[in-house]
Amino acid sequence: MIINFSDYLQTNYYKIYNNKVKEDIKIASISDLHISRLILQNKTKYLSYKLEREQPNYIFFLGDIIDSPKELKNEEKEKQTRTLIESASLIAPTIMILGNHDFVSNNKRLSTYAKRYWKELTYINNFYLLNNSYYKDNNIFIMGYKQTKNYYLNEKRKEDTILLYNQLVKKEELYKNLPTAKPKIGLFHSPEYTNNEKIIELLKDYDLLISGHYHGGCFPFGLGNIIRGNKGIISPKKTLFPNTPARGIKNLNGNTNLIVNSGITTIQDSAPKYMHPFNNLFYQEMDIITLTNDKEAFPYQITREKTYTKRKKY
């Protein structure tokens, strides 16, 4: 029997101690769906089902929810995207940041269309698109940063963390005078910023930073569960064994933890066609993060669960 690993969702349960939490805060974190013709309705329907079962207090979409702005011109894929966001927003406040695949295009019309589309979605009740802005309530502070087109596409042909620093440092409301009595979470699509010490210094008051983009480092067959550490095999720019954390949890400076979500789709539609079948070698992954004042969780605990997404009726 041939196992199709992409028919399984691995849920990573993180329990992280935080002394600012009054009652446990449960977060569902999802990245890199890359909705396209390769992502059938059953995958997003199962995610909605899973979110309903988990009943988190907040839901995060960490970027690359679609594979290309052109997918928004496809009526079926546009509806699939909207339905997932609407169903999530009925469960809990749903926070989204944009990844490069959500808005970067060499076609200016498509880029403009995508920009308008994402803005229109903000009229969905309980849905918040954070573009260099923040969401806060009585329990939590959440910042979402949009890494720019020039950050991803430039003369260096690599993600430009110097440019990111120069842009971020001007937005003092995102890192200065943050609330002290509640947990603070920062969302960036790509975790590449963790290689820049000046950026980490700016973000030192955050309790938790969460990113995606690296597709778990492309470990097949669940090998990422066996091989310890945060390193991956290959980066989105095809760099072998990159220094950037690609998966799991890592402490950055004593106060701030980083979680890199491995994502739902590993080999996306925009990759060369001969690579598409390899997608069956990788689990889908979702993170469930609980912030707690239970000292037994110090500094953090991790458990995992795998579910077969085609077995249940939903």
Side-chain angles (χ1 to χ4, degrees), residues 16 18 20 27 29 31-32 58 60-64 95-105 111 114-115 118-119 122 128-137 140-214 230 235-237 239 242-246 249-261 289 291:
I16 303 175
N18 188 295
K20 305 180 188 75
I27 298 162
S29 183
S31 185
D32 296 279
Y58 303 92
F60 296 164
F61 288 104
L62 302 173
D64 286 0
I95 315 296
M96 179 177 168
I97 58 172
L98 296 179
N100 51 310
H101 284 258
D102 296 317
F103 73 97
V104 174
S105 174
S111 294
K115 181 179 180 180
W118 295 122
K119 184 176 181 180
T122 61
Y128 305 89
L129 178 65
L130 300 186
N131 286 334
N132 309 334
S133 55
Y134 57 83
Y135 166 95
K136 64 178 180 178
D137 59 26
I140 202 165
F141 178 94
I142 304 164
M143 182 271 286
Y145 198 84
K146 179 184 176 183
Q147 292 151 318
T148 63
K149 179 178 179 180
N150 288 341
Y151 166 80
Y152 291 106
L153 301 178
N154 50 65
E155 294 177 355
K156 299 178 183 178
R157 297 189 63 79
K158 64 180 182 179
E159 296 178 43
D160 191 341
T161 59
I162 296 174
L163 173 65
L164 174 58
Y165 172 80
N166 291 334
Q167 293 173 338
L168 178 60
V169 74
K170 297 175 184 177
K171 302 183 184 299
E172 294 187 353
E173 70 278 10
L174 301 182
Y175 63 88
K176 281 190 174 182
N177 302 315
L178 301 181
T180 57
K182 61 183 73 173
K184 299 170 286 294
I185 298 177
L187 310 179
F188 291 77
H189 176 60
S190 170
E192 195 78 26
Y193 61 90
T194 58
N195 292 322
N196 187 307
E197 292 183 2
K198 293 170 72 175
I199 296 177
I200 296 303
E201 178 64 21
L202 287 185
L203 302 174
K204 65 183 180 181
D205 289 334
Y206 280 91
D207 299 286
L208 179 62
L209 301 171
I210 311 178
S211 296
H213 187 54
Y214 261 68
N230 308 103
S235 79
K237 288 291 185 181
T239 302
N243 290 324
T244 304
I249 186 168
K250 179 180 181 179
N251 186 268
L252 297 179
N253 59 11
N255 176 65
T256 307
N257 285 310
L258 167 73
I259 290 179
V260 184
N261 182 276
I289 304 162
L291 304 181

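When a residue number appears, it is its place in the shown sequence, counting from 1. Side chains included, hydrogens not; waters and symmetry mates left out as well; all remaining heavy atoms used.
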Flag the pair Thr148 / Leu163 as yes when at least one side-chain heavy-atom distance between them is below 4.5 Å, and no otherwise.
yes
Once side chain to side chain donor-acceptor pair (under 3.5 Å) is applied, do any residues pair with Tyr134, and if so which ones, sequence neighbours excluded?
none
Side-chain atoms of residues 253-260: list all donor-acceptor pairs with protein atoms under 3.5 Å, sequence neighbours left out, distances to 0.1 Å.
| residue | atom | partner | partner atom | Å |
| --- | --- | --- | --- | --- |
| Asn253 | OD1 | Asn255 | N | 3.1 |
| Asn253 | OD1 | Thr256 | N | 2.7 |
| Asn253 | OD1 | Thr256 | OG1 | 3.2 |
| Asn253 | ND2 | Thr256 | OG1 | 3.4 |
| Asn255 | ND2 | Lys204 | O | 2.9 |
| Asn255 | ND2 | Tyr206 | O | 3.2 |
| Thr256 | OG1 | Lys204 | O | 3.3 |
| Thr256 | OG1 | Tyr206 | O | 2.6 |
| Asn257 | OD1 | Asn251 | ND2 | 3.1 |

Donor-acceptor contact present, side-chain Asn154 to main-chain Lys158, <3.5 Å
yes
Is the number of heavy atoms from other residues, nucleotides or ligands under 6.0 Å of Lys115 NZ greater than 12?
no
Side-chain contact test, heavy atoms from C-beta onward, threshold under 4.5 Å: evaluate it for Leu209 versus Leu252 and give yes or no.
yes
Output yes when a side-chain donor or acceptor of Tyr152 lies under 3.5 Å from a complementary backbone atom of Gln147, and no otherwise.
no
Is Asn132 reaching over with its side chain to a backbone N or O of Lys171, donor-acceptor style, under 3.5 angstrom?
no
Side chain to side chain contact (heavy atoms under 4.5 Å, CB included) for Leu164 and Asn196? Distances and angles first, verdict last.
CA-CA 10 Å; Leu164 174 58; Asn196 187 307; over 6 Å; no
With sequence neighbours left out, the residues meeting side chain to side chain donor-acceptor pair (under 3.5 Å) with Tyr128 are none
Rounded to the nearest 0.5 angstrom, the OG1-OH distance for Thr161 and Tyr151 is 6.5 Å
Less than 4.5 Å apart, side chain to side chain, heavy atoms only: is that true for Leu208 and Ile289?
yes
Return yes if some donor-acceptor pair links the side-chain N/O of Asn166 with the main-chain N/O of Val169 below 3.5 Å, else return no.
no
In the structure I gave you, are the side-chain heavy atoms of Ile185 and Ile95 within less than 4.5 Å of one another anywhere?
no
On a heavy-atom basis, the closest approach of Phe103 and Ala114 is CA-CB, 4.5 Å
Rounding to 0.5 Å, atoms CZ (Phe141) and CG (Leu178) come to a distance of 5.0 Å
With sequence neighbours excluded, tell me which residues meet salt bridge (Lys or Arg N to Asp or Glu O under 4.0 Å) with Lys20.
Asp207
How would you list, by chain and number, every residue that makes a salt bridge (Lys or Arg N to Asp or Glu O under 4.0 Å) with Lys176, sequence neighbours excluded?
Glu172
Under 4.5 Å between any side-chain heavy atoms of Asn150 and Asp160, yes or no?
no
What closest approach, in Å, do Asp102 and Gly99 show between heavy atoms, and which atom pair accounts for it?
OD2-N, 2.8 Å
Atom CD of Glu173 with >12 non-hydrogen neighbours under 6.0 angstrom
yes
Heavy-atom closest pair (Met143 atom, Leu130 atom, distance to 0.1 Å) is C-CD1, 4.0 Å
Does a donor on one side chain sit under 3.5 Å from an acceptor on the other, for Glu159 and Ser190?
yes
Using a 4.5 Å cut-off on heavy atoms from C-beta on, say whether the side chain of Ile142 contacts that of Phe60.
yes
Considering all heavy atoms of both residues, which atom of Lys149 and which atom of Ser105 are nearest to each other, and what is their separation?
NZ-O, 3.2 Å
Atom pair OG/CG of Ser29 and Leu187 - distance to nearest 0.5 Å
7.5 Å
Nearest heavy-atom approach of Asn100 to Asp64 is N-OD1, 3.3 Å
Can you see which heavy atom on Ile97 is nearest to which on Gly144, and at what distance?
CG2-CA, 3.6 Å
Rounded to the nearest 0.5 Å, what separation is found between the CD1 atom of Ile210 and the CD1 atom of Ile27?
5.5 Å
Name all pairs fulfilling the ring-ring contact (aromatic ring centres under 6.0 Å, His included) condition that reach into residues 177-203, sequence neighbours left out, sorted by first residue then second.
Tyr145-Phe188, Phe188-Tyr193, His189-His213
Give a yes or no on whether Lys136 atom NZ has more than 12 heavy-atom contacts from other residues, nucleotides or ligands under 6.0 Å away.
no
